[in-house]
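Worksheet: the structure to be examined is printed underneath.
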Amino acid sequence: MKAVIKEGRADQFIQHAQEVFFNKGYAHTTISDICKKAECSRTTLYSYFESKENLYLAVIEKAFKKFLGYFGKLKKEGASGFEQVLIHSRGYIRFSKEFPKHYETIHDFYGIIRNAHESPLQTEVQTHIKDSPNFEGVKELSLLPFKLLTKEIQRGLDEGNINRKYSAEEHMINIWAYLKGISDISPNLGYVFSPQKLNMEKKTESFIRAMLEI
């Protein structure tokens with residue numbers, strides 16, 4: 001019972017921390033900010049999370065689980081690999097619009113991973129996060145979206161409904177790069193184009209379909 005209560009309390013701290021991190025960003029958030037939001041002492045918070053870095057990684061982990069759960073619900077029974085890739089691509093765009101802060105947090109972490117072995121590019125913040133004992137576990141979780149997409153592309157290749165010009169991994173990189181780029185610039189395109197002309201989900205599907213079709 002005590003373990004359940006402690007786990008529930010830890011989840012509450014993560015939720016409070018998430019709200020503060022989403023609002024202020026990691027660099028501008030202090031443990032005092034989180035304690036104020038959670039209405040607890042620093043001693044109490046540190047009894048659950050040893051550092052701000054560990055707490056931030058718990059927030060990142062929660063964001064990735066939300067992302068993966070979102071895509072899990074998009075799995076369509078009987079869909080071909082080709083169809084499932086299109087479904088996941090539309091879902092990626094929707095997730096970035098429905099949960100922009102989770103989306104930003106996820107890609108902030110990918111930036112930390114990118115610089116993990118490029119010390120000249122690392123900021124002090126990134127170094128602290130990378131050195132956290134929980135970093136590698138969250139890193140493994142962060143690879144699952146790529147593996148999920150690659151698996152569906154490979155299924156499409158095996159079924160013969162995705163072109164073999166590229167390998168599953170190469171298709172995945174092309175698709176992910178396109179989705180990331182579109183999701184990042186979409187919020188700004190509303191100042192230039194009408195919503196009817198944007199319709200990014202439809203345009204994304206058309207573009208990726210053209211990339212994959214035989």
Side-chain angles (χ1 to χ4, degrees), residues 14 18 21-22 57-114 116 135-190 193 195-214:
I14 294 171
Q18 175 179 279
F21 283 131
F22 281 4
L57 283 168
V59 170
I60 294 172
E61 180 179 7
K62 184 175 181 179
F64 271 110
K65 287 181 176 178
K66 187 178 187 72
F67 189 48
L68 290 164
Y70 189 91
F71 278 90
K73 294 177 182 178
L74 296 177
K75 184 69 176 177
K76 183 178 179 181
E77 190 69 30
S80 67
F82 176 82
E83 291 168 336
Q84 195 62 56
V85 171
L86 295 180
I87 292 170
H88 281 145
S89 297
R90 292 195 301 269
Y92 182 108
I93 300 296
R94 286 200 301 272
F95 184 91
S96 71
K97 291 193 292 188
E98 293 176 18
F99 306 102
K101 290 297 184 180
H102 292 81
Y103 174 82
E104 289 174 15
T105 298
I106 286 168
H107 284 283
D108 282 347
F109 185 70
Y110 286 135
I112 294 170
I113 294 175
R114 182 187 64 234
F135 176 78
E136 289 300 326
V138 179
K139 181 180 175 181
E140 286 299 312
L141 183 65
S142 74
L143 299 178
L144 294 181
F146 300 115
K147 292 179 179 179
L148 170 67
L149 184 56
T150 303
K151 180 181 178 181
E152 294 299 343
I153 295 170
Q154 185 59 58
R155 190 159 67 88
L157 288 170
D158 294 340
E159 293 168 344
N161 49 34
I162 290 180
N163 76 68
R164 294 182 175 277
K165 183 178 180 180
Y166 301 105
S167 68
E169 291 77 13
E170 289 169 329
H171 274 305
M172 182 276 292
I173 291 170
N174 289 335
I175 291 171
W176 192 276
Y178 177 79
L179 293 173
K180 172 74 166 58
I182 287 296
S183 296
D184 286 354
I185 68 172
S186 287
N188 299 317
L189 294 179
F193 303 106
Q196 291 77 16
K197 286 187 176 181
L198 281 178
N199 197 350
M200 297 313 302
E201 287 181 39
K202 185 175 181 180
K203 293 183 184 302
T204 294
E205 179 177 343
S206 297
F207 186 85
I208 292 178
R209 182 182 291 275
M211 289 171 62
L212 298 179
E213 283 181 337
I214 298 173

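Treat the numbers as computed from the prediction; the structure is a model and nothing was measured.
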Regarding N174 and E170, do their side chains bring together a donor and an acceptor under 3.5 Å, going by distance alone? no

Give a yes or no answer on whether the side chain of Q84 reaches the backbone of L149 with a donor-acceptor pair at less than 3.5 Å. no

Any heavy-atom pair between the side chains of I182 and L179 that's under 4.5 Å? no

Residue pair I208 / S89: nearest heavy atoms and the distance that separates them: CD1-OG, 3.2 Å

Correct closest heavy-atom pair for H107 and W176 would be CE1-NE1, 3.9 Å

Kindly say whether N163 contributes a backbone atom to a donor-acceptor pair with the side chain of H171 at under 3.5 angstrom? yes

Quick one: sort the F95 and F99 rings into parallel, tilted or perpendicular, breaks at 30° and 60°. tilted

If I compare all heavy atoms of F82 with all of I162, which pair ends up nearest, and what's the gap? CD1-CG1, 3.8 Å

Once you round to the nearest 0.5 Å, how far does CD of E61 lie from OG1 of T105? 13.5 Å

Drop me the distance from L144's CG to F71's CZ, to the nearest 0.5 angstrom. 12.5 Å

I'd like to know if the side chain of E159 reaches the main chain of G81, judged simply by a donor and an acceptor atom lying under 3.5 Å from each other, with no hydrogens or angles considered. yes

Nearest-0.5 Å distance that lies between atom OG1 in T150 and atom CE in M172: 4.0 Å

Only one of F22, F67, F64, Y70 forms a ring pair (Phe, Tyr, Trp, His ring centres under 6.0 Å) with H102, so which one is it? F22

Side-chain (S96) to main-chain (I93) donor-acceptor, under 3.5 angstrom: yes

With heavy-atom distances below 4.5 Å as the criterion, would you say the side chains of L141 and L68 are in contact? yes

Please round to the nearest 0.5 Å and tell me the distance separating atom CG of D108 and atom NZ of K101. 9.5 Å

Within the supplied structure, the quantity of interest is the number of heavy atoms (other residues, nucleotides, ligands) at a distance under 6.0 Å from K62 NZ; does it exceed 12? yes

All heavy atoms of A168 vs all of L157, minimum pair found to be N-CD1, 3.6 Å

Could you go through the side chain to side chain contact (heavy atoms under 4.5 Å, CB included) check for E169 and F146 one step at a time? CA-CA 9 Å; E169 291 77 13; F146 300 115; over 6 Å; no

Where the side chain of R90 meets the backbone of T204, is there a donor-acceptor pair that is under 3.5 Å apart? no

Taking Y110 for its side chain and S142 for its backbone only, find out whether a donor-acceptor pair lies under 3.5 Å. yes

From F109 atom CZ to K139 atom NZ, the distance as rounded to the nearest 0.5 Å: 8.0 Å

Salt bridge check: are K75 and E152 linked by an N-O gap of less than 4.0 Å? yes

What heavy-atom pair brings G160 and I214 nearest, and what distance separates the two atoms? O-CD1, 2.7 Å

Apply the test side chain to side chain contact (heavy atoms under 4.5 Å, CB included) to residues F21 and I14: give CA-CA distance (whole Å), side-chain angles for both, the deciding distance (0.1 Å), then the verdict. CA-CA 10 Å; F21 283 131; I14 294 171; over 6 Å; no

Identify the two heavy atoms, one from G91 and one from L74, that lie closest to each other, and give their separation to 0.1 Å. CA-CD1, 3.7 Å

If you measure from CD1 on I175 to NE2 on H88, what distance do you get to the nearest 0.5 Å? 11.5 Å

Any side-chain heavy atom of Y166 within less than 4.5 Å of one from M211? no

pair K66-Y103: side-chain heavy atoms closer than 4.5 Å: no

